[in-house]
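We use all heavy atoms of the structure for the numbers below, so side chains are in, but hydrogens, waters and symmetry mates are not. In this chain, residues are counted from 1 in sequence order.
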Amino acid sequence: MVVKRPKDFSQMSSDKYIYIIAEIGINHNGSLDTAKELIDEACDIGCDAVKFQKRTIDIVYSQDTLNQPRKSPWGNTQREQKEGLEFSIDQYDEINSYCNSKNIDWFASSWDNESQKLMRKYNFPFNKIASAMAINKEFVELVASEKKPTFASTGMTNLKDIDSIIAIFEKYECPLMLMHTVSTYPSELHHLNLKCINTLRERYNYPVGYSGHEASVSPSVIAATLGASAIERHITLDRAMYGSDQAASLQPEGFRQLNRILRTVPSILGDGEKRILKEEELIASKLRYWLDK
């Protein structure tokens with residue numbers, strides 16, 4: 001069956017359709033086979049999209065950092081570790097073909113201007129600005145200038161920072177969805193501050209989603225009931241795998257449970273109009289005994 005997914009933010013909301021993103025990020029550990037297995041899981045779960053990350057290593061990290069020692073499956077330096085986690089464009093070509101064959105949306109958050117330009121070749125349905133890049137005005141300008149619907153995470157930002165993002169996107173008339181995020185991995189439940197979803201929506205009058213890094217599924221459900229239009233969660237095959245994001249991710253069964261619940265939220269929330277159901281009328285005729293006297 002061909003899934004008709006929303007392609008613009010006006011079609012996404014907690015009472016219409018919650019767009020569900022499985023963030024693969026770097027949880028593939030540099031393996032295309034693992035990436036494809038995660039894509040398969042996301043498809044089987046019923047996610048709308050998978051998301052990756054793209055970095056130009058020598059731009060994002062200083063030479064001093066890259067030369068530092070770090071033991072990993074790929075060697076004993078930071079450079080070897082970073083390069084081991086990074087997919088090439090040829091590998092992303094294969095991911096593009098695989099996602100297309102699976103009928104699942106995919107896109108990537110870039111961490112530098114060069115990567116953002118390189119990834120344009122895939123004509124993603126959406127752009128994504130990671131929290132780390134949210135205050136890089138040159139990068140935000142570059143993304144907004146593409147005029148493509150963009151998810152912008154708001155971790156590690158204050159309202160002044162978000163004001164700046166809004167101003168740039170309004171200048172380019174680029175569709176935007178803010179993603180409430182707490183940039184800790186994994187996040188403590190008492191740090192999530194989910195009421196900020198309402199704060200952002202009321203202050204900016206833009207759709208707001210939620211990108212979670214906690215080990216539990218319940219905060220994402222709560223976020224949906226607070227009006228989150230999209231939910232993004234990291235996905236992993238096993239939280240015990242090597243990698244800095246694994247512990248902040250959901251394993252397939254947890255993600256499957258989350259998806260099942262989120263798909264019922266629009267129906268459960270309804271439209272807010274007070275009415276008497278036909279089913280209630282029958283009950284009322286039995287219980288309101290005095291009306292027949």
NZ/NE/NH1/NH2 to OD/OE distance under 4.0 Å, K147 and E173: no
Side-chain ion pair, R79 and D58, N-O less than 4.0 Å: yes
I129 CD1 to S110 OG distance, which is reported to the nearest 0.5 Å: 10.5 Å
Salt bridge present between R263 and D48 (N-O < 4.0 angstrom): yes
Polar side-chain atom of K51 near backbone of I24 as donor-acceptor pair, under 3.5 Å: no
Audit row: E170, Y206, side chain to side chain donor-acceptor pair (under 3.5 Å) steps and yes/no: CA-CA 11 Å; E170 288 185 345; Y206 275 83; 3.1 Å; yes
Over 12 non-hydrogen atoms of neighbours within 6.0 angstrom of CG in N205: no
Within 6.0 angstrom of E138 CD, more than 12 heavy atoms from elsewhere: no
Near-ring test F126/Y19, centroid separation under 6.0 angstrom: yes
More than 12 heavy atoms from other groups under 6.0 Å of CG on L282: yes
Gap between atom OG of S229 and atom CE of M177 - 0.5 Å precision: 4.5 Å
From F87 atom CZ to E94 atom CD, the distance as rounded to the nearest 0.5 Å: 9.0 Å
Counterpart residues, side chain to side chain contact (heavy atoms under 4.5 Å, CB included), relative to N96 (two or more places apart): N100, W106, Y122
SB check E114 K117 (cutoff 4.0 Å): no
Distance-only polar pair, side chains of S211 and E232, donor-acceptor under 3.5 Å: yes
Pair T181, T154: side-chain N/O donor-acceptor within cut-off below 3.5 Å: no
Salt-bridge contact E80-R70 (side-chain N to carboxylate O under 4.0 Å): no
Spatial distance of atom CG (N27) from atom OG1 (T236) [nearest 0.5 Å]: 4.5 Å
Quiz item: cation-pi between K128 and F107, 6.0 Å / 45°: no
Euclidean distance, L194 CG relative to L189 CG, rounded to 0.5 Å: 9.0 Å
Over 12 non-hydrogen atoms of neighbours within 6.0 angstrom of CD in E281: yes
K137 atom NZ: more than 12 heavy-atom contacts under 6.0 Å: no
Co-membership, hydrophobic cluster, residues I235 and Y185, 4.5 Å side-chain: no
D161/S164 under side chain to side chain donor-acceptor pair (under 3.5 Å): CA gap, chis, key distance, verdict: CA-CA 5 Å; D161 296 327; S164 177; over 6 Å; no
Partner set under side-chain hydrogen bond (donor to acceptor under 3.5 Å, both in side chains) for T65, not counting sequence neighbours: S62
N127 vs E146, side chain to side chain donor-acceptor pair (under 3.5 Å): CA-CA, chis, key distance, verdict: CA-CA 9 Å; N127 275 327; E146 295 182 12; 3.0 Å; yes
Between CG on residue D105 and NZ on residue K7, distance to nearest 0.5 Å: 3.5 Å
Between S187 and T184: side-chain donor-acceptor atoms closer than 3.5 Å: yes
Atom CD1 of I57: over 12 foreign heavy atoms under 6.0 Å: yes
Cluster link M241 to W74, ILVMFWY, side chain under 4.5 Å: no
Modelled atom types, side-chain donor and acceptor of N198 and R201, under 3.5 Å: yes
Short side-chain donor-acceptor distance under 3.5 Å, D90 and S88: no
Set of residues satisfying side-chain hydrogen bond (donor to acceptor under 3.5 Å, both in side chains) with respect to K102, sequence neighbours excluded: D40
Path from L226 to V265 over hydrophobic side-chain contacts below 4.5 Å: yes
Cluster overlap I26 with M133, hydrophobic side-chain contacts below 4.5 Å: no
Hydrophobic cluster identity match, I261 and I197, side-chain contacts under 4.5 Å: yes
F9/F151 under ring-ring contact (aromatic ring centres under 6.0 Å, His included): CA gap, chis, key distance, verdict: CA-CA 10 Å; F9 294 150; F151 299 100; 5.0 Å; yes
Pair Q53-E23, side chain to side chain donor-acceptor pair (under 3.5 Å): steps then yes or no: CA-CA 9 Å; Q53 299 174 12; E23 158 97 32; 3.0 Å; yes
Donor-acceptor contact present, side-chain H180 to main-chain L192, <3.5 Å: yes
E280 and R275 ion-paired at < 4.0 Å: no
